[in-house]
Amino acid sequence: MNRICKRMLAAVTALALTGGAASGIVLAAGMGNMGGMGGMKMGPMPKHLPKPGKPIHYTVARPLIKYSNSEGMLMGHGKHKSVMFMGHNIHMVIIAVEPGSPDQTFEIHKLVDPKLTVPAGANITLTILNMDYGPGMIHGVIIGKAQPPYKTVVPVPVPGQIAEIPLTMPRTAKSIKKSNYYFGTTTFKAPGTPGTYYYLCQMPGHAKAGMYGKFVVTP
Ligand SMILES: [Cu+2]
């Protein structure tokens with residue numbers, strides 16, 4: 001729980017409730033990139049999801065969670081683990097505060113704030129699923145050149161911004177299985193030249209508290 005004033009919370013709540021930037025998303029991109037790659041398994045992606053902004057039940061969210069924990073190739077060891085995405089069409093599902101994870105973090109493959117790598121020029125569909133619980137546990141994601149350390153309020157768009165998913169609300173019930181979940185999706189093209197970017201949460205205080213990771217565009 002981070003300390004933010006009620007007025008700010010009300011403002012970002014209103015912002016969050018305006019919903020995702022995209023509508024009628026077909027979440028079918030990014031399949032099949034890893035065929036034949038050693039030991040990699042991809043979870044089945046739900047082909048259709050409701051419009052972002054409307055919560056989905058756990059039974060609908062579960063395939064997304066599974067996908068988040070299986071898509072991309074785990075690289076490196078220990079603290080230097082990263083998730084490498086390959087191919088021209090990539091779908092990545094990032095979870096905001098998967099239950100059991102530290103506050104104000106992102107998870108992919110159950111790694112906390114891992115480095116993500118994508119090939120230059122790839123078409124990327126990015127989905128965020130907010131699994132956090134409690135007032136103020138609102139999360140979104142922005143990808144750009146802004147580097148840590150971050151101030152409490154990160155002005156958006158950030159320098160070199162390439163993607164944004166508006167803030168999403170926390171889950172609706174304490175019970176993980178009985179809960180509904182908010183998510184958001186965006187599509188963007190990875191820059192055509194290699195470079196280091198960062199993904200971060202735009203909710204005031206979160207990036208400052210560590211809710212960010214490296215997003216590296218590789219040749
Ligand atoms: Cu956040």
Side-chain angles (χ1 to χ4, degrees), residues 1-22 52-56 58 61 64-65 67-69 83 92-116 124-174 176 179-186 188 197-215:
M1 202 53 191
N2 64 323
R3 284 168 292 153
I4 53 171
C5 73
K6 278 189 178 165
R7 189 183 296 169
M8 189 180 274
L9 179 57
V12 294
T13 302
L15 184 61
L17 292 176
T18 58
K54 287 187 180 164
I56 52 175
Y58 178 72
L64 278 180
I65 300 162
Y67 191 87
S68 172
N69 289 324
V83 185
M92 57 175 77
V93 178
I94 189 161
I95 297 175
V97 194
E98 194 161 1
S101 306
D103 277 348
Q104 284 131 34
T105 56
F106 291 112
E107 282 73 39
I108 290 186
H109 267 273
K110 306 226 183 266
L111 298 178
V112 173
D113 298 328
K115 179 168 100 176
L116 308 174
I124 300 173
T125 302
L126 175 68
T127 295
I128 183 172
L129 178 70
N130 188 351
M131 294 194 75
D132 209 353
Y133 182 63
M137 299 296 96
I138 295 166
H139 304 289
V141 64
I142 280 176
I143 304 176
K145 282 279 190 186
Q147 295 176 14
Y150 300 103
K151 299 205 164 118
T152 301
V153 174
V154 181
V156 292
V158 298
Q161 182 168 310
I162 55 173
E164 175 181 10
I165 299 179
L167 293 164
T168 57
M169 299 295 284
R171 72 175 195 262
T172 55
K174 183 149 195 185
I176 289 165
S179 210
N180 290 318
Y181 295 85
Y182 288 88
F183 71 99
T185 295
T186 190
F188 64 101
Y197 295 76
Y198 291 85
Y199 62 95
L200 57 106
C201 180
Q202 68 270 50
M203 181 70 180
H206 288 193
K208 187 183 182 182
M211 195 165 186
Y212 68 86
K214 270 187 182 173
F215 184 93

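Order of listing sets the numbers, starting from 1, for every ligand and every atom in it. Reckoned from all heavy atoms, side chains included, excluding hydrogens, waters and symmetry mates. In this chain, residues are counted from 1 in sequence order.
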Next on the checklist: Over 60° means perpendicular and under 30° means parallel, so tell me whether Tyr212 and Tyr150 are parallel, tilted or perpendicular.
Outcome noted: perpendicular
Next on the checklist: According to side-chain contact (heavy atoms from CB on, under 4.5 Å), who are the partners of Phe188, at least two apart in sequence or on a separate chain?
Outcome noted: Ile124, Leu126, Ile143, Ile162, Ala163, Thr186, Phe215
Next on the checklist: Would you say that Asn130 contacts Met169 through its side chain, given a criterion of any heavy-atom pair below 4.5 Å between the two side chains?
Outcome noted: no
Next on the checklist: What verdict does the side-chain contact (heavy atoms from CB on, under 4.5 Å) test give for Phe106 and Val141, after you've listed the backbone C-alpha separation in whole Å, the side-chain angles of each residue and the deciding distance to 0.1 Å?
Outcome noted: CA-CA 9 Å; Phe106 291 112; Val141 64; 4.0 Å; yes
Checklist outcome for this item: Near the Cu ion (ligand 1) (protein N/O/S, cut-off 2.8 Å, waters excluded) we have His139 ND1, Cys201 SG, His206 ND1, Met211 SD
Item to check | Residues which pass side chain to side chain donor-acceptor pair (under 3.5 Å) with Lys145, listed by chain and number, not counting sequence neighbours | outcome: none
Item to check | Lys115: partners by side chain to side chain donor-acceptor pair (under 3.5 Å), with sequence neighbours left out | outcome: none
